[in-house]
Amino acid sequence: MFLLKFRDQLSLVRRNMKKNRMRVFMTVLATTIGCAFLIVLASVGFGMQKSMQEELLSAQKLNEIQISGKETDAGFEQGNDEQIKELEDTKNVAAVVRRSYATQTGQTDAKLGDRTSDYASLLLTNMESEFKANLKLDSGKAPKNDREVIVGHHFAGSLLTDAERKQRDERAENPENPEEPAEEPEGYQGELIGKEIVITQTEQINGKSETKSWTFTISGITAAPARDYMEDYNIYIGDVWKDDMQAFAAKADGADEIEPQDYNEIKVYTASIEDVKGVTDSLKDKGYLVYSITEELENMNLFFNAFKAGLIFIGTVAVLIASIGIFNTMTMAVTERTQEIGIMKAIGAQPGVIRRIFLLESAFIGLLGALLGVIIAYAVSFAANFAIPLVLEAVSEGSMEGVDFTFSYIPLSLVLIAGGISLGVALISGLRPAVKATNINVLSALRREL
């Protein structure tokens, strides 16, 4: 019996492929183009999914669950202290953040010396819960008493003098004035920690403008938001001032037409990301109207998985077209090596060995095409992510500046899928010629006939 070691089989495959380099090269090229097309096409779906996931995750914490109220037998119920207590007692809940607005009818200003912020938002909140929910500070520390507050990361930029406010208004009225371009005022540039600010609330009461003021000391500044386009001008004040501020707002004209709410925002934070689904399901069972990022991600991933599967299917068509070349190359190889096959069978080569040699040749073509296709796909992906944002920014005249979007993303899983498809198609394409080679008659082969 004729035995041929696997290493010898590989050497035979390499020798045979060198005999027809141009034909093999064209076949590998077709496989490379098909594999690269598959990867680049599917990478668009992976890129879109990655960008949207990052956008969602930057806007909300993974362990955060937003509460919009509760459905009871009596009907819909806004957030209240009873709900807060129930939420805090729920298993695996680490913190319950509840925030209220000081006023929904009037104007709130924050004054520091000769500077005033006219668009800072007051948030009345439980400071202990905020820090349990991992509120991060860029500088300063947590308030130690009721007169200390935390301001948003961009609050200093909103503190303007009268001259700077006039400059800002002029810029808003003439955003594109080539003759006299107005510069954006920078706001307060000094140290905020330890500074006193005066919060003034203005309401229309009985047709007259009335004000009430409170003085606080800044103890901390929040960390920058996850995205550059996000801005935080909030002033976080302890909820012990809630009754005082809201009582003044309740006197305003038209205040009785607004449905009162104990809390305008309620957010539950779980002990870990793994607990989000369990806590969400538990709260739903209790009648709470909830929203969590995990639910959004599940729905989004379901859509993108179907979308990516469709793109991979379309890309596979290109690989199948390339398989025609592999089939043709292997068929020609069997025809050209008929006498060689006959000699191998005459000296005792098993049909399985002959079949394996031709399958190895077709597999080698598929693997080489897949490898080159992956390299080309990564190059195209890199070029697309670099060039497309520049083109869009130029076309949109700068309106896309700061927008972070991945147009093409190639994970390892996509490389393995594309490589597996290319190898599988190559083996299937080479199977028929390999079987044909094993069925060649020895006497006919020695006469160089099929």
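Throughout, residue positions are numbered sequentially from 1 according to the sequence presented.
Note on ring orientation: taking the six-membered ring where Trp is involved, the planes of Y233 and Y119 are perpendicular (angle over 60°, cut-offs 30° and 60°). Classified by interplanar angle (parallel below 30°, tilted 30° to 60°, perpendicular above 60°), the ring pair F307/F303 is parallel.
Judged purely by atom type and a 3.5 angstrom limit, S362 uses its side chain to pair as donor or acceptor with the backbone of L359. Remark: the backbone N or O of S272 is paired with a side-chain donor or acceptor of T270 at under 3.5 angstrom. Within the 3.5 Å criterion, the main-chain N or O of I273 finds no donor-acceptor partner in the side chain of N63. No side-chain donor-acceptor contact under 3.5 Å links D138 to the backbone of I221. When atom types are taken as modelled, the side chain of S51 and the backbone of T406 share a donor-acceptor pair closer than 3.5 angstrom. In this structure a side-chain-to-backbone donor-acceptor pair under 3.5 Å is present from S422 to A418.
Side-chain contact between T31 and I326 is present, with at least one heavy-atom pair separated by less than 4.5 Å. For the pair V40/I410, no side-chain contact is recorded, criterion being any heavy-atom separation below 4.5 Å from C-beta on. I150 is listed as a side-chain neighbour of S219, based on a closest heavy-atom distance under 4.5 Å. The side-chain heavy atoms of S139 and I193, taken from C-beta on, include a pair separated by under 4.5 Å. At a threshold of 4.5 Å between non-hydrogen side-chain atoms, the residues L192 and F155 count as touching. Within the 4.5 Å cutoff, the side chain of L87 has heavy atoms near those of the Y288 side chain. Side chains of V268 and T90 form no contact here, defined as non-hydrogen atoms less than 4.5 Å apart. Using a 4.5 Å heavy-atom threshold, the side chains of I421 and V425 count as touching.
The CG atom of L159 sits 5.5 Å away from the CG atom of L112 when rounded to the nearest 0.5 Å. Atom CG of L38 is separated from atom CD1 of I33 by 13.5 Å, given to the nearest 0.5 angstrom. Atom CG of L124 and atom OH of Y236 lie 12.5 Å apart (nearest 0.5 Å). To the nearest 0.5 Å, the span separating NZ on K132 from CD on E130 amounts to 12.5 Å. Atom CD1 of I312 sits about 9.5 Å away from atom CG of N305, to the nearest 0.5 Å. Atoms OG and CD1, from S129 and I266 in turn, are 11.0 Å apart once rounded to the nearest 0.5 Å.
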Criterion side chain to side chain contact (heavy atoms under 4.5 Å, CB included) on Y378 and V415, from CA distance to verdict: CA-CA 10 Å; Y378 270 109; V415 173; 3.7 Å; yes

Would you check, one step at a time, whether the test side chain to side chain contact (heavy atoms under 4.5 Å, CB included) holds for I237 with L122? CA-CA 7 Å; I237 302 175; L122 297 188; 3.8 Å; yes

Might you work through the side-chain hydrogen bond (donor to acceptor under 3.5 Å, both in side chains) test for S282 and D285, ending with a clear yes or no? CA-CA 5 Å; S282 175; D285 293 340; 5.8 Å; no

Set out, in order, the CA-CA distance, both residues' side-chain angles and the distance that settles side chain to side chain contact (heavy atoms under 4.5 Å, CB included) for N126 and V97, then state yes or no. CA-CA 7 Å; N126 183 285; V97 172; over 6 Å; no

Derivation of the side-chain hydrogen bond (donor to acceptor under 3.5 Å, both in side chains) call for E148 and T217: CA-CA 5 Å; E148 292 186 340; T217 301; over 6 Å; no

CA sep, side-chain torsions, deciding dist, call: V151, N234, side chain to side chain contact (heavy atoms under 4.5 Å, CB included): CA-CA 6 Å; V151 297; N234 293 321; over 6 Å; no

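The two residues N264 and S100 have their closest heavy-atom pair at OD1-CA, 3.4 Å. Minimum heavy-atom separation, G45 to F304: O-CD2, 3.9 Å. Scanning all heavy atoms of the two residues, the minimum distance from H154 to P225 falls at CE1-CD, 3.6 Å. Here the closest heavy-atom approach between residue L311 and residue A42 is recorded as CB-CA, 4.0 Å. Across all their heavy atoms, A30 and A322 have their closest contact at O-CB, 3.5 Å. For the pair I39 and A377, the tightest heavy-atom approach, listed with the atom from each and the gap, is CG2-CB, 3.5 Å.
Residues N328 and T331 bring no donor and acceptor atom of their side chains to less than 3.5 Å of each other. When only modelled atom types and interatomic distance are considered, D232 and T222 share a side-chain donor-acceptor pair under 3.5 Å. Side-chain polar atoms of Q49 and Y409 form no donor-acceptor pair below 3.5 angstrom. Counting only N and O atoms by type, the side chains of T329 and T27 include a donor and acceptor under 3.5 Å apart. When only modelled atom types and interatomic distance are considered, E77 and T72 share no side-chain donor-acceptor pair under 3.5 Å. A donor-acceptor contact closer than 3.5 angstrom is absent between the side chains of Q66 and Y291. Side-chain contact annotation: Q78 with D262, donor-acceptor N/O pair under 3.5 Å absent.
With a 6.0 Å cutoff to the six-membered ring centre and a 45° limit on the axis angle, K242 counts as a cation-pi contact of Y263. Cation-pi geometry between K308 and F46 is satisfied (NZ or CZ under 6.0 Å from the ring centre, within 45° of the ring normal).
By the neighbour-count criterion of 12 heavy atoms within 6.0 Å, atom CD of E186 is sparsely surrounded, having that number or fewer from other residues, nucleotides or ligands. The number of heavy atoms from other shown groups lying within 6.0 Å of CD (E71) is above 12. Around CZ of F76, the count of heavy atoms belonging to other residues, nucleotides or ligands within 6.0 Å exceeds 12.
At a threshold of 4.0 Å, the pair E88-R98 counts as salt-bridged, since one of the basic side-chain nitrogens sits closer than that to a carboxylate oxygen. Ionic pairing of E191 and K195 is not present here: no N-O contact between side-chain nitrogen and carboxylate oxygen is shorter than 4.0 angstrom. Taking the charged nitrogens against the carboxylate oxygens, R165 and D118 do have a contact shorter than 4.0 Å, which makes a salt bridge. Between K277 and D281 a salt bridge is recorded (basic side-chain N to carboxylate O distance below 4.0 Å).
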